[in-house]
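Okay, structure first, notes after.
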Amino acid sequence: MSETCCGGACAAPPAPSSAGTQSSAASRHRHRAWPVVAAGALIVAGAAAGWAGWPIVRLLAYVSSIALSVPTPARRALASVRKRVLDINVLMLIAVVGAAALGDWMEAAAVVWLFGVAQWLESWSLARANRAIASLLALAPSEATVRRGGVERTIAVDQIVPGDVVIVRPGGRVPVDGVVLAGESDIDESPITGESQPVSKGAGDRVLSGAVNGAAALEIEAERAAADSTLARIVRLVEQAQRRRAPVQSFVDRFARRYTPAVVVLAIAVAVVPPLVLAGETSWATAFATWSYRALALLVVACPCALVISTPVSIVSALTAAARAGVLIKGGAHLERLASITCVAFDKTGTLTDGQISVTGVRPLAGASHHRVLTVAAALEARSEHPIGRAIVAHALGQGVQPSPGESFRALPGFGAEATVSAVPAIVGNHRLFEERRLCTPALHAEIEAVETGGATPVLVGHGGTALGVLGLTDQLRERGREAVADLREHGIRHVVLLTGDSRARAGAVQSGLDLDDAHAELLPEDKVDRLARLRATHGPVAMVGDGINDAPALAAADVGIAMGAAGTDVALETADVALMTDDLARLPYAFRLGRATLANIRANVAIALGLKVLFVALAATGYATLWMAVLADSGASLIVTANSLRLLRTR
Ligand code: ADP
Ligand code: MG
């Protein structure tokens, strides 16, 4: 937590679950509006009393106003002095005491009051950004109808256990993540995915907690407890992200830590040196009073308040805006890095191509039957998370083959998978896998060629040391892929490439279909990592976009790892730096745009804060700015900076 910032209120937002930040969360909630309002009213009353010629009432009003405003900065000043840090609260306290000592009660009151206004403003804006995230959770209902033992009952959602049958009424909200057992309805998942178009869901489809059911009733089987729902995890991850400090933020803190003591030294010099130098011209006491006042004004003006709050509000606002648009960014650092990316690498399957892979042909080799090829393939893929695996299982089911999962399943990333089927080792995968296992025969090559000439991707099936046959699979490029790639180029991405484990032919087709700059085929997961390093060397910071299922090493190796369709898969949500809730490639340029907008926003804030600072330091040192004008300038800068930061909440 920053020690130089405005009383700590400007550090990351409250941490509901971590003890370390609990105290700051509590102190923030003490930031109520009424003391600020009352202290302001008392200042007005004091000014009126002065005007009416009631000096005692005037003094009483100012002192009461100070008494209302000063406790928080005083407590914090004490805490930071104990830590041997000179922070802004100490500056404030010196200014108040100094102004009072000089008999300027009105200014003493105005100084702390305006400071309180700036702090209240900041905590209010952070709370607002936070509320926007927490309000997502409120979308999940608190009660649900569950059928247990044939009886329907309404229970609290946190009592739902995995396996419960939950009834969702038309127009109702889905209470837990689950799989549809019966019913067919259009579901609006926009709270989770940011995608406003309702999606039609039927038996076997996954639905997420917080989604709004359409016109038909649904029965779903709960997959996990309400506290572990995708929505709850998104909110948790965003809250964690908001607590993480971004590099610019640390930079501003480091700057303020040096800068504040420097200002104190300068102020002391302003108070002491000129009276000594000018001694003789006027009385020393008069000169000292004049220059002390200027020194105080300088102290207050130089307070880095607006500077220090310039970053956290921007970052929290941006993370919140992103989450509401279905883009989960795991911290300000990733947001900042998104702004610097110049090269984007894509995985193919499930990323540039849609998940709807279809099996277009089954070609058994001599001695095997169509049915046997499918049975073995489905048994192998039953445990696979790969889109190819899921397509094969779906096809087998459609052909009336009920897959009975093989044992000791193992995914072979970049190659395929293996398992024991009917007590015999079996494999499924690409040509390279079969070459490595020495299972290639001229007959097999002929079938592979036949599939490839038909424009499909061959997937080979082997059982007990011989090849059984070849499946032909086709997948389609995502609808908005080409536009998304063009859009990326408009957002400063200079090089867009494909990194795939698939064949050269298929990679070439994707490259021309989407107008990519380059395509690298037949890569194993570790080759993708190497490729990324080379891309970074020639093109600058790289982002890797994948589905998070079998490209975790590449996602981790990239400067920013982006997973698509993360609402459906847990791994993707956990491993990526940035997770797009939907499969919509159009969301990608948004992430880059937001990164750049945030950085620009922070830079503008720093420029505003420092610019006003420089101006008023000069005015204060030369005696043109009074104390309260100085504080007003700083509060004004804080106001401008927070208002500017909150604009990011609306980035679309
Ligand atoms: P991509 O880079 O396109 O995402 P992967 O690295 O996931 O591809 O896989 C590379 C190749 O390995 C696939 O094109 C496919 O031929 C083969 N493969 C991987 N997993 C499987 C599987 N479960 N079943 C069949 N083939 C697979
Ligand atoms: Mg992949």
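Remember, it's 1-based here, ligands and their atoms both numbered in the order they're listed.
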| request: For D577 and G561, indicate whether the former's side chain and the latter's backbone hold a donor-acceptor pair under 3.5 Å. | output: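 Side chain of D577 to backbone of G561, a donor-acceptor pair under 3.5 Å: yes, one is there.
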| said: For R534, is there any backbone N or O sitting under 3.5 Å from a side-chain donor or acceptor partner on T538? | reply: yes
| task | Specify side chain, backbone, both or neither for D347, according to which of its non-hydrogen atoms lie closer than 4.0 Å to ligand 1. | result |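 Only the side chain of D347 comes within reach of ligand 1.
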| remark: Contact region, I388 to ligand 1, non-hydrogen atoms below 4.0 Å, reads side chain
| Does any N/O atom on A417 come nearer than 3.5 Å to any N/O atom on ligand 1? | no
| said: With respect to G414, determine whether any N or O atom, backbone or side chain, lies less than 3.5 Å from an N or O atom of ligand 1. | reply: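 Yes - when backbone and side-chain N and O of G414 are compared with those of ligand 1, one distance drops under 3.5 Å.
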Identify, by atom number and element, the atoms of ligand 1 in contact range of [X], meaning under 4.0 Å from any of its heavy atoms.
| X | answer |
| --- | --- |
| N430 | 11 (C), 12 (O), 16 (O), 17 (C) |
| T500 | 1 (P), 2 (O), 3 (O) |
| H386 | 5 (P), 7 (O), 9 (O), 19 (C), 20 (N), 23 (N) |
| S384 | 23 (N) |
| G429 | 25 (C), 26 (N) |
| F415 | 12 (O), 17 (C), 18 (N), 19 (C), 27 (C) |

| said: How long is the straight-line distance from CG of D502 back to NZ of K348, given to the nearest 0.5 Å? | reply: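 Taking NZ in K348 and CG in D502, the distance rounds to 4.0 Å.
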| said: Rounded at 0.5 Å granularity, tell me how far CG in N601 sits from CZ in R596. | reply: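 If we round to the nearest 0.5 Å, N601:CG and R596:CZ are 15.5 Å apart.
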Less than 3.5 Å apart, which donor and acceptor atoms pair up between the side chains of residues 392-414 and the rest of the protein, not counting sequence neighbours?
from: R410; atom 1: NE; to: E418; atom 2: OE2; distance (Å): 3.0
from: R410; atom 1: NH2; to: E418; atom 2: OE2; distance (Å): 2.8

| query | With respect to atom 22 (C) of ligand 1, which of E385, R506, E381 exhibits the smallest heavy-atom separation? | reply |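 Residue with the shortest heavy-atom distance to the ligand atom: E381.
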| query | Of all the heavy atoms in K528, does at least one lie under 4.0 Å from an atom in ligand 1? | reply | yes
| query | Do T230 and D177 have side-chain N/O donor and acceptor atoms under 3.5 Å apart? | reply | yes
| Applying salt bridge (charged side-chain N to carboxylate O under 4.0 Å, His left out), which residue pairs with at least one partner in residues 456-471 are found, sequence neighbours left out? |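 Every candidate salt bridge (charged side-chain N to carboxylate O under 4.0 Å, His left out) pair involving residues 456-471 fails, so no pair, neighbours aside, qualifies.
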| message | Between the side chains of E522 and R506, is the shortest nitrogen-to-carboxylate-oxygen separation below 4.0 Å, so that they form an ion pair? | response | no
